[in-house]
Novice: 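Next up is a structure, given as structure tokens.
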Protein chains: 2
Amino acid sequence: MSCERATAETLKQSGQRLTPQRLMILSAIRHAGGHMSAAQIMEQVKESYAYIDVSTVYRTLGVLKRMHLVSETDMGLGEYRYEWVERMRHHHLICRDCDNVSLLDDSFLTGLAADILDDHGFRADIDHFAIFGLCEECQRSADTSGGKANGKAKGKEGA
Amino acid sequence: MSCERATAETLKQSGQRLTPQRLMILSAIRHAGGHMSAAQIMEQVKESYAYIDVSTVYRTLGVLKRMHLVSETDMGLGEYRYEWVERMRHHHLICRDCDNVSLLDDSFLTGLAADILDDHGFRADIDHFAIFGLCEECQRSADTSGGKANGKAKGKEGA
DNA sequence: CTTCCTCCTGCAAACAGTTGCAGCTACAAT
DNA sequence: ATTGTAGCTGCAACTGTTTGCAGGAGGAAG
């Protein structure tokens with residue numbers, strides 16, 4: 001758990017306490033190789049401490065989220081996904097028909113964040129976006145099967 | 001209800017049915033002057049039909065969402081907000097400290113959607129974004145109180 | 001080491017949203 | 001007008017997340 005020392009310091013400095021439960025939750029997220037659901041975090045922590053409560057997990061995630069140590073993303077799965085933010089920044093394109101998830105490089109969003117900062121003075125949190133839409137293949141299927149049914153949607157979404 | 005005729009046509013052409021419940025839900029959303037929660041829609045519909053069920057409201061919203069007639073947005077209030085999309089397209093900047101909500105013109109996001117379409121062939125649904133971050137004033141307060149500034153983001157989207 | 005204050009925990013109940021099911025209905029075809 | 005059927009409805013049960021509360025523990029100060 002020595003690798004959590006910096007995090008522990010960050011927590012303490014903002015008036016938060018370092019409890020065994022929090023350490024276990026922290027450790028579970030850090031050592032996972034990617035996104036996790038709250039249930040997966042629970043499961044992992046339960047291996048060392050069976051009495052952990054869901055509300056503790058969510059409350060801890062709330063704290064870590066507020067401190068921007070962990071990102072929370074709705075990937076359309078009916079549950080949030082949590083990830084340690086220190087790993088490389090990336091985003092996701094999620095097809096609403098076939099549910100395929102692909103990666104989107106952060107460079108696509110840096111421009112947006114810069115524009116918003118310039119024009120509105122607003123510093124956007126863009127760590128982990130999930131953007132829904134239609135992948136290339138599903139666009140083709142929609143065009144052939146739907147006829148001109150959704151003529152309106154055929155028009156441009158963003159362009 | 002004559003103003004719903006085009007919508008009715010759209011629904012029918014995609015194999016959906018036009019039921020009284022759907023008409024009432026449709027009407028409630030169209031005649032509201034902005035975002036509504038599912039509960040508010042329920043309440044409104046109940047004035048003319050007391051037996052409407054939550055699941056019917058959500059299922060109908062799901063259909064309308066999928067057809068891009070209505071947008072669904074997580075504005076950080078613990079419940080989704082729904083809005084008729086034919087009104088001018090717009091997005092929101094939401095400050096995570098002071099909860100202030102400001103408008104963001106659609107032009108900021110058209111470029112992003114175009115870039116994604118060009119490079120990934122993916123047609124992003126960007127009907128109604130809520131972008132979280134820090135407003136100008138709260139950035140200043142954070143800077144003076146010695147905050148470290150990093151971001152976490154939540155991507156949520158209306159289909 | 002003790003005291004004290006604040007923050008944290010587990011529990012239970014509440015809340016927003018989803019799902020499986022059996023029966024009903026819109027609506028196209030006849 | 002009648003029929004057939006895909007799709008819709010209300011109900012109830014369920015999932016994921018949040019909240020109020022009373023007791024418990026971290027950790028700074030003495």
Novice: Determine, using the 4.5 Å side-chain heavy-atom cutoff (strictly less than), whether B/Leu103 and B/Leu112 are members of one ILVMFWY cluster.
Specialist: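 No; tracing contacts between hydrophobic side chains, which count when under 4.5 Å, never links both residues.
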Novice: Take the protein atom OH of B/Tyr58 and the nucleotide atom P of D/dA13, then report the distance between them rounded to whole Å.
Specialist: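 Distance, rounded to whole Å: 19 Å.
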Novice: Do any side-chain nitrogens or oxygens of A/Ser55 fall under 4.0 Å of OP1 or OP2 in C/dG10?
Specialist: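 Checking A/Ser55 against C/dG10: no side-chain N or O falls below 4.0 Å of OP1 or OP2.
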Novice: Looking only at heavy atoms, what is the nearest atom pair of A/Val70 and A/Val85, with distance?
Specialist: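 For A/Val70 and A/Val85, the tightest heavy-atom pair comes out as C-CG1, 3.6 Å.
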Novice: By nearest atom, which of the nucleotides D/dT9, C/dT9, D/dG16 is closest to the A/Glu79 side chain?
Specialist: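 Of the candidates, D/dG16 comes closest.
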Novice: Heavy atoms under 4.0 Å, any strand shown: does A/Ala38 hit a base, just sugar-phosphate, or nothing?
Specialist: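 A/Ala38: backbone/sugar contact only, no base atoms under 4.0 Å.
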Novice: For B/Tyr51 and C/dC24, is the shortest distance between a side-chain N/O and OP1 or OP2 below 4.0 Å?
Specialist: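 B/Tyr51 to C/dC24 OP1/OP2: no side-chain N or O under 4.0 Å.
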Novice: Expressed as a whole number of angstroms, how long is the span from A/Met42:CE to C/dC11:C1'?
Specialist: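 Rounded to whole Å, this separation is 13 Å.
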Novice: Each nucleotide N or O in nucleotides 28-30 of chain C that has a protein N or O under 3.5 Å away: list the pair and distance.
Specialist:
none

Novice: Calculate the interatomic distance between A/Ile41 atom CD1 and D/dG16 atom P; express it in whole Å.
Specialist: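 Atom-to-atom, A/Ile41 to D/dG16, this comes out as 13 Å.
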Novice: When you measure from the side-chain N and O atoms of A/Tyr80 to the phosphate of D/dT15, is any distance below 4.0 Å, counting only OP1 and OP2?
Specialist: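 No, because none of the side-chain N or O atoms of A/Tyr80 sits under 4.0 Å from OP1 or OP2 of D/dT15.
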Novice: I need the A/Ile41 CD1 to A/Met36 CE distance, nearest 0.5 Å.
Specialist: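 One gets 5.0 Å once the value is rounded to the nearest 0.5 Å.
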Novice: Does any N or O donor sit under 3.5 Å from an N or O acceptor when you compare the side chain of A/Arg59 with the base of D/dG20?
Specialist: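 Such a pair exists between side chain and base.
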Novice: Sort out for me which residue in A/Asp106, A/Leu104, A/Leu109 forms a side chain to side chain contact (heavy atoms under 4.5 Å, CB included) with A/Phe129.
Specialist: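 Result for side chain to side chain contact (heavy atoms under 4.5 Å, CB included) with A/Phe129: A/Leu109.
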Novice: Answer whether the closest heavy-atom distance between the side chains of A/Arg81 and A/Glu79 falls below 4.5 Å.
Specialist: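 Yes, side chains in contact.
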Novice: Any donor and acceptor pair, going by atom type alone, linking the side chain of B/Arg66 with main-chain N or O of A/Arg96 inside 3.5 Å?
Specialist: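 Yes, because the side chain of B/Arg66 sits within donor-acceptor range (under 3.5 Å) of the backbone of A/Arg96.
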Novice: To the nearest Å, give me how far apart CG (B/Leu23) and P (D/dT9) are.
Specialist: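 So the two atoms are 11 Å apart, to the nearest Å.
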Novice: Is the shortest heavy-atom distance from the side chain of A/Thr73 to the side chain of A/His91 under 4.5 Å?
Specialist: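 No; the side chains remain at least 4.5 Å from each other.
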Novice: Whole angstroms only, please: what is the CG-P distance between A/Asp53 and D/dG20?
Specialist: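 Computing the A/Asp53:CG to D/dG20:P distance gives 16 Å.
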Novice: Quick check: does any side chain N or O of A/Ser27 sit under 3.5 Å from a backbone N or O of A/Leu23, one acting as donor and the other as acceptor?
Specialist: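 Not at all, since once roles are kept as given, no pair shorter than 3.5 Å links the two residues.
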Novice: Compare all side-chain heavy atoms of B/Gln44 with those of B/Gln40 and state whether any distance is below 4.5 angstrom.
Specialist: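 The answer is no; the side chains never approach within 4.5 Å.
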Novice: Calculate the interatomic distance between A/Asp74 atom CG and D/dT18 atom P; express it in whole Å.
Specialist: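 So the two atoms are 12 Å apart, to the nearest Å.
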Novice: For the helix from C/dC1-D/dG30 to C/dT30-D/dA1, what angle lies between the axis at the first five pairs and the axis at the last five pairs, to 10 degrees?
Specialist: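 For the helix from C/dC1-D/dG30 to C/dT30-D/dA1, the axes at opposite ends meet at about 30°.
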Novice: Please write out each protein N/O paired with an N/O of nucleotides 22-24 of chain D under 3.5 Å, distance rounded to 0.1 Å.
Specialist:
none

Novice: Can you tell me the distance, in whole Å, between the CD atom of B/Glu9 and the P atom of C/dC27?
Specialist: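 That distance rounds to 10 Å.
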Novice: Under 4.0 Å between a side-chain N or O of B/Thr19 and OP1 or OP2 of D/dC8?
Specialist: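 No, no such contact exists.
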Novice: Between A/Ile52 and A/Met42, does the side-chain contact (heavy atoms from CB on, under 4.5 Å) criterion hold? Intermediate values first, please.
Specialist: CA-CA 7 Å; A/Ile52 187 80; A/Met42 272 280 282; 4.0 Å; yes
Novice: Just to be sure I understand the rule, does A/Gly62 reach a base, reach only the sugar-phosphate, or reach nothing, if contact means heavy atoms closer than 4.0 Å?
Specialist: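 The residue A/Gly62 makes no contact with any strand.
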Novice: Can you find a side chain N or O atom of B/Gln16 that sits less than 4.0 Å from OP1 or OP2 on D/dG7?
Specialist: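 For B/Gln16, the contact criterion (side-chain N or O under 4.0 Å from OP1 or OP2 of D/dG7) is not met.
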Novice: Rounded to the Å, how far apart are A/Arg66 CZ and C/dC7 P?
Specialist: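 Rounded to the whole Å, the gap is 12 Å.
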Novice: Which heavy-atom pair separates B/Ala28 from B/Val45 by the least distance, and what is that distance?
Specialist: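 The answer is CB-CG2, 4.4 Å.
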Novice: By nearest nucleotide on DNA chain C, pick out whichever of B/Ala39 and B/Leu18 is the more 5' one.
Specialist: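 Its nearest nucleotide being more 5', the pick is B/Ala39.
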Novice: Closest heavy-atom contact between B/Cys135 and B/Cys95?
Specialist: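 Looks like N-SG, 3.5 Å.
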Novice: Which is true for B/Arg22 with a 4.0 Å heavy-atom rule: it touches a base, it touches only sugar-phosphate, or it touches nothing?
Specialist: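 It contacts sugar-phosphate atoms only.
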Novice: With respect to the phosphate group of D/dG10, does any side-chain polar atom (N or O) of B/Gln21 fall under 4.0 Å of OP1 or OP2?
Specialist: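 So the side-chain polar atoms of B/Gln21 do come within 4.0 Å of the phosphate oxygens OP1 or OP2 of D/dG10, strictly under.
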Novice: Would you check if the distance from the ring center of A/His90 to the ring center of A/His128 is below 6.0 Å?
Specialist: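 Yes: the rings meet the under 6.0 Å criterion.
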